[in-house]
Amino acid sequence: MSTGTFAERYAALAEIRAVRPEAIALAAARRVRRASPPGPAGRLMIVAADHPARGALAAGGDPLAMADRRDLLERICVALSRPGVDGVLGTPDVIEDLLLLGALDGKVVLGSMNRGGLAGAAFEIDDRFTAYDADAVAAAGLDGGKMLLRVDYDDPATARALEGCARAVSGLAGHRLMAMVEPFVSRRGADGKVVNVLTPEAMTRAVAIASGLGTTSAYTWLKVPVVDRMEQVMAASSLPAVLLGGEVPADPDGALAAWQKALALPTVRGLVVGRALLYPSDDDVAGAVDAAVRLL
């Protein structure tokens with residue numbers, strides 16, 4: 001589905017979903033995969049688009065920026081079309097939309113797995129695996145799976161989250177597929193909301209915990225934010241890591257400089273960025289993506 005305006009392609013996608021749902025499996029089977037996800041240089045530039053399934057729809061000053069699916073998909077397709085962009089991270093609904101749009105040939109595709117810890121929910125730390133599981137990632141011909149891990153020492157649900165992530169790491173490794181773990185030490189703020197503790201000490205502990213999940217770490221990658229003393233944080237593990245983007249930065253140039261400095265560390269192998277590239281303050285998706293690619 002590569003012809004016509006994006007509005008026409010999106011309308012065709014909606015029609016296919018209504019009358020030919022089997023087309024999704026056919027598109028997945030036809031997708032041209034890359035021989036090796038990281039590529040010969042061992043670097044990755046991935047667009048993250050798994051926020052909506054956790055109810056996290058805000059970007060910049062718009063609380064519902066990511067709620068318009070057609071707009072989101074168009075932004076992702078623009079990002080995927082830019083030179084140097086390796087692929088995308090998303091939940092099944094987003095990945096299947098992109099498959100039907102024909103946007104994923106030759107791209108690295110990572111399936112987001114645990115989206116049950118809805119943003120702002122009382123049960124947020126109990127982050128159940130409500131999207132892909134390891135077998136589904138393999139069956140869909142994806143290149144790996146990603147999971148979020150928030151470790152709250154005061155919330156007993158953390159134990160279930162740890163166990164779920166460990167099983168996912170083991171399951172993906174059984175298929176020789178990448179397991180991307182995004183770890184944080186988290187706590188409840190005074191308002192009851194979960195906040196991630198972004199001190200060097202907390203991130204060092206999170207990296208150490210995540211590195212030991214599962215029956216093997218052979219296929220595990222880490223997804224981490226840029227914090228102070230990144231040398232200390234990344235020294236906690238020998239596993240390859242990618243940097244996450246987080247919210248749309250107020251200072252894009254400052255964010256780029258921080259990413260560039262962290263990318264010089266030996267285990268840091270790339271970027272997995274969503275809102276900061278898809279919803280930049282100047283709304284120039286291509287420009288934001290190109291600036292990030294130049295860092296690699």
Side-chain angles (χ1 to χ4, degrees), residues 45-69 71-76 78-79 85 88-91 94 110 112 114-115 117-121 124-125 127 146-152 180-200 202-203 206 222-228 230 233 241-263 268 270-293 295:
M45 176 68 207
I46 300 292
V47 177
D50 62 340
H51 309 77
R54 208 172 63 81
L57 301 172
D62 184 351
L64 295 176
M66 302 188 80
D68 185 326
R69 181 52 56 92
D71 179 65
L72 172 61
L73 291 172
E74 187 167 14
R75 290 170 183 270
I76 297 170
V78 169
V85 174
V88 67
L89 158 67
T91 44
V94 172
L110 302 178
S112 190
N114 60 330
R115 298 281 84 186
L118 302 183
E124 187 168 350
I125 293 297
D127 212 340
K146 172 258 179 180
M147 63 213 75
L148 176 62
L149 174 65
R150 276 84 55 90
V151 176
D152 184 342
M180 185 174 284
V181 185
E182 180 180 356
F184 295 97
V185 171
S186 304
R187 59 176 174 78
R188 294 274 176 184
D191 58 0
K193 293 182 179 179
V194 174
V195 294
N196 297 324
V197 184
L198 300 179
T199 63
M203 280 309 307
L222 303 174
K223 179 172 180 266
V224 298
V226 177
V227 299
D228 291 339
M230 281 297 286
V233 174
V242 290
L243 306 175
L244 62 88
E247 248 293 4
V248 179
D251 178 11
D253 291 338
L256 289 171
W259 292 343
Q260 185 170 38
K261 183 179 179 181
L263 282 164
V268 179
L271 298 168
V272 178
V273 184
R275 292 166 292 184
L277 300 185
L278 295 175
Y279 300 88
S281 56
D282 62 1
D283 215 33
D284 180 5
V285 175
V289 171
D290 292 347
V293 168
L295 300 178

Participant: To the nearest 0.5 Å, what is the distance between CG on Leu73 and CG on Asp68?
Facilitator: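 Here the interatomic distance stands at 9.0 Å.
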
Participant: Just how far is it from atom CG of Asp50 to atom CE of Met66, taken to the nearest 0.5 Å?
Facilitator: 8.0 Å

Participant: How long is the straight-line distance from CG of Asp62 back to OH of Tyr279, given to the nearest 0.5 Å?
Facilitator: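 The distance works out to 8.5 Å.
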
Participant: Mark yes or no for whether Arg187, through its side chain, and Val197, through its backbone, hold a donor-acceptor pair below 3.5 Å.
Facilitator: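 No: the side chain of Arg187 does not pair with the backbone of Val197.
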
Participant: Test side chain to side chain contact (heavy atoms under 4.5 Å, CB included) on Leu149 and Asp127 and set out the steps.
Facilitator: CA-CA 8 Å; Leu149 174 65; Asp127 212 340; over 6 Å; no

Participant: Side chains of Trp259 and Val273: does their closest heavy-atom pair fall under 4.5 Å?
Facilitator: yes

Participant: Please check: side-chain N/O of Glu247 versus main-chain N/O of Ala276, any donor-acceptor pairing under 3.5 Å?
Facilitator: no

Participant: Please check this pair: side chain of Arg188 against backbone of Lys193, looking for a donor-acceptor N/O pair closer than 3.5 Å.
Facilitator: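 Checked: no pair found.
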
Participant: Taking the side chain as everything from C-beta on, heavy atoms only, tell me whether Leu243 gets closer than 4.5 Å to Leu263.
Facilitator: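 Leu243 vs Leu263: side chains touch.
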
Participant: How long is the gap from CD1 on Ile46 to CG on Leu271, to the nearest 0.5 Å?
Facilitator: 10.0 Å

Participant: Let me see the working for Arg150 and Glu124 under side chain to side chain contact (heavy atoms under 4.5 Å, CB included), right down to the final yes or no.
Facilitator: CA-CA 9 Å; Arg150 276 84 55 90; Glu124 187 168 350; 3.2 Å; yes

Participant: Start with the C-alpha gap between Val242 and Leu222, add the side-chain angles, then the distance that decides, and say whether side chain to side chain contact (heavy atoms under 4.5 Å, CB included) holds.
Facilitator: CA-CA 6 Å; Val242 290; Leu222 303 174; over 6 Å; no

Participant: Just wondering, do Val233 and Val227 contact through their side chains at under 4.5 Å, heavy atoms?
Facilitator: yes

Participant: How many angstroms lie between CG in Leu148 and CZ in Arg115, if you round to the nearest 0.5 Å?
Facilitator: 5.5 Å

Participant: Are Ser186 and Asp152 close enough, and set up right, to give a side chain to side chain donor-acceptor pair (under 3.5 Å), and what steps lead you there?
Facilitator: CA-CA 5 Å; Ser186 304; Asp152 184 342; over 6 Å; no

Participant: Go through Glu182 and Lys146 one step at a time and tell me if the side chain to side chain contact (heavy atoms under 4.5 Å, CB included) criterion holds.
Facilitator: CA-CA 8 Å; Glu182 180 180 356; Lys146 172 258 179 180; 3.0 Å; yes

Participant: If you round to the nearest 0.5 Å, how far is CG of Leu295 from NZ of Lys261?
Facilitator: 14.5 Å

